[in-house]
Undergrad: 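Here it is: the structure, laid out below.
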Amino acid sequence: MKGKRKGKGQIIIIVMMILLMVASFVSMFQGYYVAAFVFFGILLAIMSFIGNRAATDNKVYLYTKNYKNNKRL
């Protein structure tokens, strides 16, 4: 059940990022520069959060893997 929820969440975030990117470019080309700046800022904030979260998860994974290997020896 948890895997389905995680998959749906990832799909929702990906769709939201694509929509924010499209909205940013459309509003920029129509002349609404402030709205484009806001949309792009939200997109960058989401991307930054995802990147930091993935980096933290990787560090935790590596730490626990090394800890288990060293404990076994």
Side-chain angles (χ1 to χ4, degrees):
M1 189 72 172
K2 189 175 181 180
K4 283 187 176 181
R5 233 185 258 161
K6 186 176 181 181
K8 285 183 182 179
Q10 287 176 348
I11 291 172
I12 290 172
I13 290 176
I14 290 169
V15 168
M16 187 170 57
M17 288 172 51
I18 291 170
L19 289 176
L20 280 169
M21 191 179 340
V22 169
S24 176
F25 282 115
V26 168
S27 60
M28 183 180 66
F29 289 128
Q30 287 184 351
Y32 300 109
Y33 300 113
V34 175
F37 181 73
V38 170
F39 290 145
F40 194 68
I42 294 170
L43 176 68
L44 284 178
I46 292 172
M47 290 171 59
S48 174
F49 175 75
I50 291 172
N52 287 335
R53 174 109 184 221
T56 302
D57 289 345
N58 287 339
K59 287 178 186 176
V60 169
Y61 173 76
L62 290 174
Y63 176 76
T64 56
K65 186 102 171 149
N66 287 335
Y67 178 74
K68 287 179 183 178
N69 286 339
N70 289 336
K71 190 175 182 182
R72 200 172 37 184
L73 297 176

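Heavy atoms only: backbone and side chains are in, while hydrogens, waters and symmetry mates are out.
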Undergrad: Per the side-chain contact (heavy atoms from CB on, under 4.5 Å) rule, which among F25, F39, F40 passes with L20?
TA: F39
Undergrad: Please list, one pair per line, the donor and acceptor atoms closer than 3.5 Å that link side chains of residues 49-57 to other protein atoms, with sequence neighbours excluded.
TA:
residue: N52; atom: ND2; partner: S48; partner atom: O; Å: 3.4
residue: T56; atom: OG1; partner: N52; partner atom: O; Å: 2.9

Undergrad: First locate atom OG of S24, then atom CZ of F29, and finally report the distance between them rounded to the nearest 0.5 Å.
TA: 9.0 Å
Undergrad: Does M47 CE have over 12 foreign heavy atoms under 6.0 Å away?
TA: no
Undergrad: Say whether V26 and M28 are linked into one hydrophobic cluster, either directly or through other cluster members, by side-chain heavy-atom distances under 4.5 angstrom.
TA: no
Undergrad: Considering all heavy atoms of both residues, which atom of A35 and which atom of S27 are nearest to each other, and what is their separation?
TA: C-OG, 4.0 Å
Undergrad: If the test is side-chain contact (heavy atoms from CB on, under 4.5 Å), which one of I42, L43, L44 qualifies with I46?
TA: I42
Undergrad: In the hydrophobic clustering (ILVMFWY, side-chain contacts below 4.5 Å, transitive), which residues join I11, or is it alone?
TA: V15, L19
